[in-house]
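Each chain gets a letter, A, B and so on, in the order its sequence line appears, and its residues count up from 1.
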2 protein chains.
Amino acid sequence: MRADAERSRRRILDAARDVFLERGLDAPLDLIVRRAGVGPATLYRRYADREALVRDLTGDLLSRLEAAAHQAAREEGDAYAAVRRFVHAAAGLRMGAVIPVLLERLVVDQELIESRTRTSGALDDLIRAAHESGRLRPEVGAGDLILLSIRLSRPLPGGLSRLDTDGTLLHRHLDLALDGLTTQAAPAPAPAPGEPLTFADLVAAADRPNTTD
Amino acid sequence: MRADAERSRRRILDAARDVFLERGLDAPLDLIVRRAGVGPATLYRRYADREALVRDLTGDLLSRLEAAAHQAAREEGDAYAAVRRFVHAAAGLRMGAVIPVLLERLVVDQELIESRTRTSGALDDLIRAAHESGRLRPEVGAGDLILLSIRLSRPLPGGLSRLDTDGTLLHRHLDLALDGLTTQAAPAPAPAPGEPLTFADLVAAADRPNTTD
DNA sequence: GTGAAGCGGAGAGCTTTTCTCCGCCTACGG
DNA sequence: CCGTAGGCGGAGAAAAGCTCTCCGCTTCAC
């Protein structure tokens with residue numbers, strides 16, 4: 001692949017992630033093209049249709065996510081610290097855009113399934129160790145952590161997005177959510193209601209056929 | 001106002017809130033009409049343009065928010081419990097939709113400013129009392145709490161929204177975020193970085209002219 | 001029962017989005 | 001350093017989607 005082609009691919013993928021985050025998966029491809037600073041033909045030449053683009057983006061983000069999980073495990077001695085670091089890293093990647101995998105919209109091929117399984121496995125290892133260390137609440141599952149990072153990393157609506165152009169606020173709020181908002185003087189928190197939400201729960205929910213009218 | 005007209009208004013406002021949450025303020029009015037189950041003429045007859053609709057919706061939500069703050073103060077003895085209850089109530093209202101107020105898009109009239117001031121005041125009282133009781137971290141401001149409830153109450157992207165059709169998951173995650181994810185065996189959390197974010201910060205950020213290209 | 005107000009649906013006109021053709025430019029092997 | 005294959009951007013035709021109104025029927029209030 002020629003160097004300029006690879007450069008264009010990178011720019012398109014990055015722009016696509018941001019635009020999809022802000023406007024949803026139905027956002028006009030034209031917006032992506034403009035944000036990427038390339039001509040429309042450049043996008044349409046590489047990707048036959050919207051789905052091809054979403055698939056490429058998804059694979060890209062999944063593998064980055066897997067790398068983040070491994071890196072967290074490798075570089076943090078403490079299991080809970082590793083989970084924390086992973087959540088921060090996932091949010092930094094703007095994970096929210098990765099959810100297309102989980103979406104009925106995408107016909108999930110073998111390659112994507114494998115990537116998803118690897119990522120999920122790496123994350124489960126992290127969580128299990130943290131549970132065993134006794135510092136992560138038992139009622140918190142991988143799905144809870146992923147949802148937390150999706151929710152906190154999505155751009156804020158409208159003008160509020162200007163509050164956090166560089167991600168400082170994102171990490172502040174992640175810290176707060178992870179630490180809890182109460183001081184230590186507060187009584188021990190009651191167990192959160194419900195069962196732990198797993199990665200598999202997310203997949204199951206998203207795999208069901210779309211029932212939109 | 002005739003009873004059927006009031007019914008239509010309610011259906012349109014509820015649908016508008018949901019559609020704006022999912023698709024942003026530029027969402028086609030046609031979608032709102034369809035979700036509300038009314039004819040297009042019904043919307044256009046009542047609201048001359050998009051702004052009129054946004055204004056009516058904003059006023060509606062702001063006053064409900066103010067009522068929630070007062071109710072929390074009145075019905076909860078403990079100051080921290082009142083804050084907690086308010087955050088849950090705000091998220092339940094899908095506060096995220098209220099941000100149009102804060103948006104440059106809306107010419108904010110006197111009535112809206114007063115409503116905003118009253119709401120902000122009621123919330124500040126709640127927070128101040130909670131700070132004084134020593135159970136709310138001093139580095140947490142009203143803006144942090146509002147942002148938390150905005151972020152957690154926005155609909156999840158794509159198929160993930162099916163995870164939480166009834167709001168159970170929303171309140172679970174709010175509880176987790178409020179409690180923190182660590183057990184009491186963990187060392188006392190480090191202070192979160194940054195200054196407390198206030199309601200005024202949100203207003204200031206949103207009031208600046210829009211610089212979208 | 002009756003008049004006034006409200007309602008839904010069909011569709012004309014306009015805007016936005018998709019996607020292609022084509023002439024110019026850039027990377028890379030010799 | 002040059003030739004050429006592959007890549008690039010822009011203009012614009014065709015398609016899709018959105019806005020908004022007209023009008024005949026229904027519902028409400030008295």
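No side-chain heavy atom of A:T119 sits under 4.5 Å from any side-chain heavy atom of A:R116.
Atom CZ of B:R34 is separated from atom CG of B:L29 by 12.0 Å, given to the nearest 0.5 angstrom.
Taking the charged nitrogens against the carboxylate oxygens, B:D109 and B:R55 do have a contact shorter than 4.0 Å, which makes a salt bridge. Using a cut-off of 4.0 Å between Lys/Arg side-chain N and Asp/Glu carboxylate O, B:R84 and B:E76 are scored as not salt-bridged. A salt bridge between A:R128 and A:D125 is present, with a side-chain N of the basic residue lying under 4.0 Å from a carboxylate O of the acidic one.
Straight-line distance from the CZ atom of B:R23 to the P atom of D:dG17: 11 Å, rounded to whole Å. Here D:dC20 presents its C1' atom at 15 Å from CD1 of B:I32, a figure rounded to the nearest Å. B:D26 has its CG atom 14 Å from the C1' atom of C:dT15, to the nearest Å. Taking atom CG of B:L31 as the reference point, atom P of D:dT19 lies 9 Å away to the nearest angstrom. For the pair B:R50 CZ and D:dC20 C1', the computed distance is 13 Å after rounding to whole Å. Note: CZ (A:R46) to P (D:dG7) measures 7 Å, nearest angstrom. What separates OH of B:Y44 from C1' of C:dG9 is a distance of 14 Å, to the nearest Å. Atoms CG (B:L29) and P (C:dT15) sit 16 Å apart, rounded to a whole Å.
The residue among A:R45 and B:D4 whose nearest nucleotide of DNA chain D lies closer to the 5′ end is A:R45. Nearer to the 5' terminus of DNA chain D, by closest-nucleotide assignment, is the contact made by B:A27 (compared with the other of B:A27 and B:R7).
Contact record, B:A90 with B:M95: O-CG, 3.1 Å, taken as the closest heavy-atom pair.
Across all strands, A:A3 comes closer than 4.0 Å only to sugar-phosphate atoms, never to a base (heavy-atom distances). Counting any heavy atom pair closer than 4.0 Å across all strands shown, B:P28 reaches sugar-phosphate atoms only and no base atom. Contacts of A:A5 with the nucleic acid, taken as non-hydrogen atoms under 4.0 Å apart, involve only primed sugar atoms and P, OP1 or OP2.
Side chain of A:R50 to main chain of A:L25: a donor-acceptor pair is present (N/O by atom type, distance under 3.5 Å, no hydrogens or angles).
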Hey, what are the protein-to-nucleotides 3-5 of chain C N/O distances that come in under 3.5 Å?
residue	atom	partner	partner atom	Å
C:dA5	N3	B:R2	NH1	2.9

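At the phosphate of C:dC7, OP1 or OP2 sits under 4.0 Å from a side-chain N or O atom of B:S8.
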